[in-house]
Asks: 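Sharing a structure with you now.
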Amino acid sequence: MSSVSVSSSPIEPVQLAVRGMTCAACVGRVERALRKVPGVQEAQVNFATETASVTLSPEACDLDPTGLVSAVEDAGYHALIQQPDAPVVEAVVPWWDVWGAVILGAAASLPLLLPMLWGAHHFWPAWVQFALATPVQFGLGARFYKAGWAALKDGSGNMDQLVALGTSAAWGLSCWLWWTHAQSVHAAHGGPDLYFESSAVVITLVLLGKALEARAKRQTTAAIRALQALRPDTVSRLGPQGEVTVPLSQVLVGDTLVVRPGERIPTDGTVTEGASHVDEAMLTGEPLPVAKNQGDRLTGGAVNGEGRLVMLVTAVGGQTMLAHIIRRVVDAQATKAPIQRVVDRVSAVFVPTVLLVALLTGLGWWWSGAGGEVALIRAVAVLVIACPCALGLATPAAIMAGTGAAARQGILIKDPEALETAHRVQVVAFDKTGTLTQGHPRLIEWQVAHEPAALGVAWGKPQALQVAAALQAGSEHPLARAVLEAVEGAPRFVAQAVQSMPGRGVVGRLSEAGGQVELLGDWGLGSARWVEEQACAVEPSLRVQADAWATSGATVSWLMRQAAAPAGGEPVWQVMAAMAFGDELKPGAAEAVARLHALNVRTVMISGDNRGAAQAMASRLGIQQVVAEVLPGDKADHIQHLRQGEGGARLTVAMVGDGLNDAPALAAADVGMAMANPEGGTDVALQAAGITLMRGDPMLVPAALDISRRTSTKIWQNLAWAFGYNVIGIPLAAFGGLNPMLAGAAMALSSVSVVTNALWLSRWKPARIA
């Protein structure tokens, strides 16, 4: 369950780039090294992204991060501090650094391998085999000895130890056989088999697997790099000297910038001059350009269309929406899913277990009379195939691909826990206004009650509209805007001492704009709940009309006047008019509900509107359950009730709202989905919800559940691949079914297959883009 904290700001984790990790065991070793640093509260290392996120305790917030780097270096790895606003920036690695070792290894291994394919194992003299294999073993393979020795000093095991032990055993056995059978080795035929090719080929295959992993992992971070590339290097700042080109890093809040047609919006701000269409596809997934006029918000990274825009900067650096999005994607990819913690515990005991199995394999074959040579070869095969690279990549590779694909479609997933919970959602609760509807209702119709002449002015529909507009003049409520839009010209009356009654309406005393005529008594405009609480007198004909409007799905507001109190009595509220407001459904709202039902997810609407209006809207959409006339503060209680289910059965509930007044309900749900508000509040949405929908398309709700389910499926598929290779391969190698070369090929294939399987998620798109 997500939570919202308003009392204190959390300490930003320190981000490190960690290089030199080779398997899941390395992850545990780096984490242990970082946790030993005084002041470190938690450390999480992601093998796939080669990053570490270090959380410091509050009293160590000023800790020198170079101490963290030193801890990683002492553990045998390399580390660099990363800036918070650019947490994942991959350095351009020269092509030769990635593939050079593989090419050299293949050049030395291929001559050793070809004679075997031709059935002539002794084609090359022993000294040639030794000359080809030794540089591979101790030159290209030096990295395995170094990392393995560092892990051994730390009292832990890793993949490098398995590779180093296995290939060294094959190389050493070949040297022993060459020395002890020198005469037969030089003979044209006969003599013992040498295994120089096994050591060289296995190391080459491991290096090939590493190169392919690096290439595949780079593809999984494509979403982050694409977002980072949206920042322009320079901007045009408008000052006393006119337009001046300056670096983006020199821009401050309050600066005025010029954005020409075709340029990227450099940072967040508002339009002060000009009009254009802006392409926000990379940020929100919205496929169509969005019209921007004076006063509209601009988001850094979007592309300006045909018009010249002048903008006022409202946020820079790490406070921009683009920085928030990047941080959200990186956090989701760097944090471990609950299933990954289980895998880490398995990996911690995996290497010692494999060493024991290899030892027992060698002893078993030796005791069976197969001889020391065969026993050693069988043990080497076990060591080679058991390398746990695939285990370390299974979960993070799927999470990276899934969250990256979701981000490209405008779905920001906060962390793997939100991702894991979302795929189990059984109930989705929707807020109505602004979530399923456009959020911009209009005044459809209104009707007045009969009123005695003592009111002081003529009373009819025009006067009722003017009074309502005066009461709503200072309000930002959607219904208030609808009233003001319906008034032609400036309101005739002026409201004084206006008070807002949350969840009910507004009250105030009105007078004519000139101040000559004061309307008798106080006035109010509010909900049916308020009318009932005040026991207002309502004309029967007005009640019948209001009920008809509500039945048709309209929202009804009541205009009331507090008449003067009779002698010795209390003031009496009397209904003066009823107003009907209608809101248009968002495109795709009904389709989104249908998609959720197809996913076997129950739908609920939680709305503050009257029951008739909410029920009519739910019927149009096909929503199965309606909870109406709910105050904003009570929505969280209804979410808790939904989570309890019927008969005490615990249900997983998602809440979808606009991220502003729905924040408590978003926090109360198992998964909060905040639909970004185009008029502001997106920052609140990013903090309040586990999943943020960056555009107001209801179809993103089933899409978020869909990508969550697909990612969860990929995780389990990858774990099945990883464990399957070992469960099948280790016994097969132990019983003589695999030689070291085939074992090395299978080990490399397991890692590549896991990453490739995860990359299929990168092609995911929602079923429909509105």
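Along the sequence shown, residues are numbered consecutively beginning with 1.
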Asks: Which distance, rounded to the nearest 0.5 Å, do you find between the CG of N304 and the CD1 of I265?
Replies: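 Going from the CG atom of N304 to the CD1 atom of I265 covers 5.0 Å.
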Asks: With side chain to side chain contact (heavy atoms under 4.5 Å, CB included) as the test, would you mind laying out the steps for V271 and N293 before giving the verdict?
Replies: CA-CA 6 Å; V271 178; N293 296 285; over 6 Å; no
Asks: When you look at T299 and R297, which way does the side chain to side chain contact (heavy atoms under 4.5 Å, CB included) test go after all the steps?
Replies: CA-CA 7 Å; T299 302; R297 292 163 58 95; 5.8 Å; no
Asks: How long is the gap from CD on Q615 to CD1 on I623, to the nearest 0.5 Å?
Replies: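 Going from the CD atom of Q615 to the CD1 atom of I623 covers 10.0 Å.
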Asks: Check for a donor-acceptor pair, side chain of T320 on one end and backbone N or O of G317 on the other, with a separation under 3.5 Å.
Replies: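 Pair found, side chain donor or acceptor close to backbone of G317.
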Asks: Looking only at atom types and distance, does a side-chain atom of D706 sit under 3.5 Å from a main-chain N or O of R709, one as donor and one as acceptor?
Replies: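 A pair under 3.5 Å: no.
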Asks: Are any non-hydrogen side-chain atoms of F581 and V483 less than 4.5 angstrom apart?
Replies: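 The answer is yes, as the side chains (C-beta and beyond) meet within the 4.5 Å cut-off.
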Asks: Is the shortest heavy-atom distance from the side chain of V259 to the side chain of L298 under 4.5 Å?
Replies: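 V259 does not reach L298 side chain to side chain.
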Asks: Within the structure provided, determine whether L642 and V627 are in side-chain contact (heavy-atom separation under 4.5 Å).
Replies: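 Side chain of L642 against side chain of V627, heavy atoms only: no contact under 4.5 Å found.
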Asks: Just by distance, do the side chain of S712 and the backbone of S708 share a donor-acceptor pair under 3.5 Å?
Replies: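 No; judged by distance alone, with no hydrogens or angles, the pair does not exist.
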Asks: At their closest point, which heavy atom of L443 faces which heavy atom of A482, and how far apart are they?
Replies: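 So the minimum-distance heavy-atom pair works out to N-CB, 3.9 Å.
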Asks: Rounded at 0.5 Å granularity, tell me how far CD in Q625 sits from OG1 in T603.
Replies: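 Result: 9.0 Å between the selected atoms.
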Asks: If I take atom OG1 from residue T711 and atom CH2 from residue W764, how far apart are they, to the nearest 0.5 angstrom?
Replies: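 So the gap between those two atoms works out to 8.5 Å.
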Asks: Of the non-hydrogen atoms in A577 and A464, which two are nearest, and what is the gap between them?
Replies: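 Here A577 and A464 meet closest at CB-CB, 4.1 Å.
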Asks: For a 4.5 angstrom cut-off between non-hydrogen side-chain atoms, does R650 reach R643?
Replies: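 A side-chain contact under 4.5 Å exists here.
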Asks: Do the side chain of Q463 and the main chain of G460 share a donor and acceptor less than 3.5 angstrom apart?
Replies: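 At least one qualifying donor-acceptor pair exists.
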Asks: In this structure, which one of M673, K635, M655 forms a side chain to side chain contact (heavy atoms under 4.5 Å, CB included) with L666?
Replies: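 Running side chain to side chain contact (heavy atoms under 4.5 Å, CB included) over M673, K635, M655 with L666 returns exactly one hit, M655.
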Asks: Going through the distances and angles, do D637 and V630 end up as a side chain to side chain contact (heavy atoms under 4.5 Å, CB included)?
Replies: CA-CA 10 Å; D637 295 334; V630 179; over 6 Å; no
Asks: If you look at every heavy atom in D670 and L651, which pair is closest and at what distance?
Replies: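 Heavy atoms only, the tightest pair is OD2-O, 3.6 Å.
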Asks: Quick one: closest heavy-atom pair of L484 and A469, and the distance?
Replies: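 Shortest heavy-atom separation between L484 and A469 comes out as CD2-O, 3.5 Å.
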Asks: Indicate yes or no for a side-chain donor-acceptor contact from W446 to the backbone of K461 under 3.5 Å, with no hydrogens or angles considered.
Replies: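 Flag set: sc W446 to bb K461 pair under 3.5 Å.
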Asks: Would you say that L471 contacts L559 through its side chain, given a criterion of any heavy-atom pair below 4.5 Å between the two side chains?
Replies: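 Of all side-chain heavy-atom pairs linking L559 with L471, at least one is under 4.5 Å.
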Asks: Side chains of D522 and V507: does their closest heavy-atom pair fall under 4.5 Å?
Replies: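 The answer is no, as the side chains (C-beta and beyond) never meet within the 4.5 Å cut-off.
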Asks: Examine distances only and state if a side-chain atom of T272 and a backbone atom of V310 form a donor-acceptor pair shorter than 3.5 Å.
Replies: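 Yes, T272 side chain to V310 backbone: donor-acceptor pair under 3.5 Å.
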Asks: I'd like to know if the side chain of R481 reaches the main chain of Q472, judged simply by a donor and an acceptor atom lying under 3.5 Å from each other, with no hydrogens or angles considered.
Replies: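 Side chain of R481 to backbone of Q472: no pair is present.
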Asks: Got a sec, which residues hit side-chain hydrogen bond (donor to acceptor under 3.5 Å, both in side chains) with H277, two or more places apart in sequence or on another chain?
Replies: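 So H277 forms a side-chain hydrogen bond (donor to acceptor under 3.5 Å, both in side chains) with E306.
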Asks: Using every non-hydrogen atom in the two residues, find where V593 and L621 come nearest and quote the distance to one decimal.
Replies: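 Looks like CG1-O, 3.5 Å.
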Asks: Are R595 and V601 close enough, and set up right, to give a side chain to side chain contact (heavy atoms under 4.5 Å, CB included), and what steps lead you there?
Replies: CA-CA 9 Å; R595 288 278 300 169; V601 175; over 6 Å; no
Asks: Can a donor-acceptor pair be found, under 3.5 Å and without considering hydrogens, that links the side chain of K586 to the backbone of D697?
Replies: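 Looks like no, no N/O pair under 3.5 Å.
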Asks: Check whether any side-chain heavy atom of L599 sits under 4.5 Å from a side-chain heavy atom of V425, and report yes or no.
Replies: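 They are not in contact (no side-chain heavy atoms under 4.5 Å apart), so the answer is no.
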Asks: Looking at CD1 of I411 and CG of L700, how far apart are the two atoms once the value is rounded to the nearest 0.5 Å?
Replies: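 So the CD1 of I411 and the CG of L700 are separated by 5.0 Å.
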Asks: May I ask you to decide if G300's main-chain N or O and D268's side chain share a donor-acceptor pair within less than 3.5 Å?
Replies: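 Confirmed, D268 side chain pairs with G300 backbone.
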Asks: Could I get the full list of salt bridge (charged side-chain N to carboxylate O under 4.0 Å, His left out) partners for D296, not counting sequence neighbours?
Replies: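 None.
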Asks: How long is the straight-line distance from CH2 of W530 back to CH2 of W573, given to the nearest 0.5 Å?
Replies: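 Reported to 0.5 Å precision, the distance equals 5.5 Å.
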Asks: Under 3.5 Å, side chain of S607 to main-chain N/O of A628, donor-acceptor pair present?
Replies: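 Looks like no, no N/O pair under 3.5 Å.
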Asks: For T435 versus M675, what's the shortest heavy-atom pair and its separation?
Replies: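 That closest heavy-atom pairing would be O-SD, 3.8 Å.
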